[in-house]
Amino acid sequence: TSAFAALALEIKPLDDGAMLLIPAGNFRAYDGRPFEGAPAWQMTARMAAQVIDARRARGTKIVIDWEHATLHRAKQGKEAPAAGWIDPADLAWREGVGLVALRRDWTPRAEAQIAAKEYLYGSPVFGYDKKTGAVTSLHSFALTNDPGLDGIAVALSALLPDQPTTETPMDEDILEQLRWLLNLPTLATAEEVAAELQKAVNAIKA
């Protein structure tokens, strides 16, 4: 089984200008997460290679947003503009450091906010195995000022759809994103997605 998590890291560039996305080795959030069976999250060179390959295979850039807006504003149909983008070709592994972005393309607004120190932290949303803590995917990255951000719990709760009916079917675009987030088959029904999403929300909030 898999789940998603978010944690906060300083967005200060490394010595070579790269930006840390997910740290190497075993790591936990300051509030004790992960709360499932895994003693810690973990990222190794092998895991990073799989994450990088998967992102490059998708062929789309990784969004950097504000406060995980790409996730928690989706259901409300509100705008969730990008603060920047990461090309999967710029993902790399730094031994002893972690998964990094060699370059990122900030929007002028985000660049000004970072320069003015209006934002000091970044928060990746990543998938992981609930039993082992192994990182399995990278969904997005967000600018945040709350190092204790319970980002994914908020995000999953906001994305949880109302029970679909024949009159109000779940939006197919959101359904497709949720299948990807929850690692479900492409033919999973809206009811199956909603049930699995509720399990994830309950587990994270427990």
Side-chain angles (χ1 to χ4, degrees), residues 2-25 27 41-74 78-129 134-145 147 149 151-152 155 159 173-174 176-183 186:
S2 61
F4 276 76
L7 77 157
L9 305 164
E10 285 193 64
I11 54 177
K12 181 180 178 181
L14 304 175
D15 291 342
D16 63 355
M19 182 175 72
L20 180 61
L21 301 178
I22 302 176
F27 59 98
W41 294 312
Q42 58 174 307
M43 172 61 92
T44 65
R46 178 183 58 82
M47 296 170 193
Q50 293 174 343
V51 169
I52 292 172
D53 287 345
R55 284 300 321 199
R56 290 177 179 173
R58 288 188 64 187
T60 57
K61 292 186 177 182
I62 301 162
V63 65
I64 305 174
D65 59 18
W66 285 274
E67 308 293 358
H68 301 290
T70 301
L71 292 177
H72 67 66
R73 292 172 64 92
K78 296 181 179 179
E79 291 185 356
W85 299 94
I86 299 171
D87 191 318
D90 290 326
L91 294 176
W93 172 254
R94 288 282 186 272
E95 193 62 42
V97 177
L99 180 66
V100 304
L102 301 178
R103 287 170 291 276
R104 53 262 162 219
D105 182 18
W106 298 113
T107 63
R109 175 185 172 193
E111 190 169 32
Q113 289 176 323
I114 294 170
K117 296 185 179 181
E118 294 178 10
Y119 278 94
L120 294 178
Y121 299 98
S123 178
V125 174
F126 56 93
Y128 66 97
D129 185 289
V135 174
T136 57
S137 63
L138 173 62
H139 175 266
S140 58
F141 196 83
L143 295 178
T144 180
N145 278 329
L149 181 68
I152 195 61
L159 271 176
D173 289 339
I174 293 179
E176 182 179 354
Q177 293 178 39
L178 289 173
R179 290 190 187 109
W180 183 88
L181 280 170
L182 298 169
N183 196 28
T186 56

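In this text, all values refer to a predicted model and were calculated from it rather than measured experimentally.
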- If you take all heavy atoms of Gln42 and Met47, which pair is closest and at what distance? O-SD, 3.3 Å
- Which of Tyr119, Trp66, Trp106 passes side chain to side chain donor-acceptor pair (under 3.5 Å) with Gln113? It is Trp66
- Assess whether side-chain contact (heavy atoms from CB on, under 4.5 Å) is satisfied between Trp85 and Val63, documenting all intermediate values. CA-CA 5 Å; Trp85 299 94; Val63 65; 3.6 Å; yes
- Please test Met19 against Leu102 for side-chain contact (heavy atoms from CB on, under 4.5 Å), starting from the C-alpha separation and ending with a verdict. CA-CA 7 Å; Met19 182 175 72; Leu102 301 178; over 6 Å; no
- Message: For residues 85-104, which residue pairs pass the salt bridge (Lys or Arg N to Asp or Glu O under 4.0 Å) check, not counting sequence neighbours?
- Response: Asp16-Arg94, Asp90-Arg103
- Task: Mark yes or no for whether Thr136, through its side chain, and Gly127, through its backbone, hold a donor-acceptor pair below 3.5 Å.
- Result: yes
- Item | side-chain contact (heavy atoms from CB on, under 4.5 Å) assessment of Tyr128 paired with Ile22 | CA-CA 12 Å; Tyr128 66 97; Ile22 302 176; over 6 Å; no
- Query: Taking the side chain from Thr144 and the backbone from Glu67, do they hold a donor-acceptor pair closer than 3.5 Å?
  - Reply: no
- Task: Please tell me if the side chains of Ile86 and Leu21 come closer than 4.5 Å, counting only heavy atoms from C-beta onward.
- Result: yes
- Taking every non-hydrogen atom, the tightest pair across Met43 and Val51: CE-CG2, 4.5 Å
- Item | Residue pairs passing the salt bridge (Lys or Arg N to Asp or Glu O under 4.0 Å) test where at least one lies in residues 109-127, sequence neighbours excluded | none
- How many angstroms lie between atom NZ of Lys61 and atom CZ of Arg55, to the nearest 0.5 angstrom? 12.0 Å
- Query: Which pair of non-hydrogen atoms, one from Gly17 and one from Pro13, has the smallest distance, and what is that distance?
  - Reply: O-CB, 4.0 Å
- Measure up the Trp41 and Phe27 rings against each other and bin them: parallel (under 30°), tilted (30 to 60°), perpendicular (over 60°). tilted
- Note on the structure: Heavy-atom closest pair (Gly96 atom, Ala24 atom, distance to 0.1 Å) is C-CB, 4.0 Å
- Task: Considering non-hydrogen atoms only, spot the tightest contact between Leu14 and Val100 and give its length.
- Result: CD1-CG1, 3.8 Å
- Side chain proximity check, Ile62 to Leu91, heavy atoms < 4.5 angstrom: yes
- Task: Work out which heavy atom in Ala110 is nearest to a heavy atom in Ala83; give both atom names and the distance.
- Result: CB-O, 3.1 Å
- Note on the structure: So CH2 of Trp93 and CG of Leu99: to nearest 0.5 Å the spacing works out to 7.5 Å
- Query: Can Phe126 and His139 be said to form a side-chain contact (heavy atoms from CB on, under 4.5 Å), step by step?
  - Reply: CA-CA 6 Å; Phe126 56 93; His139 175 266; over 6 Å; no
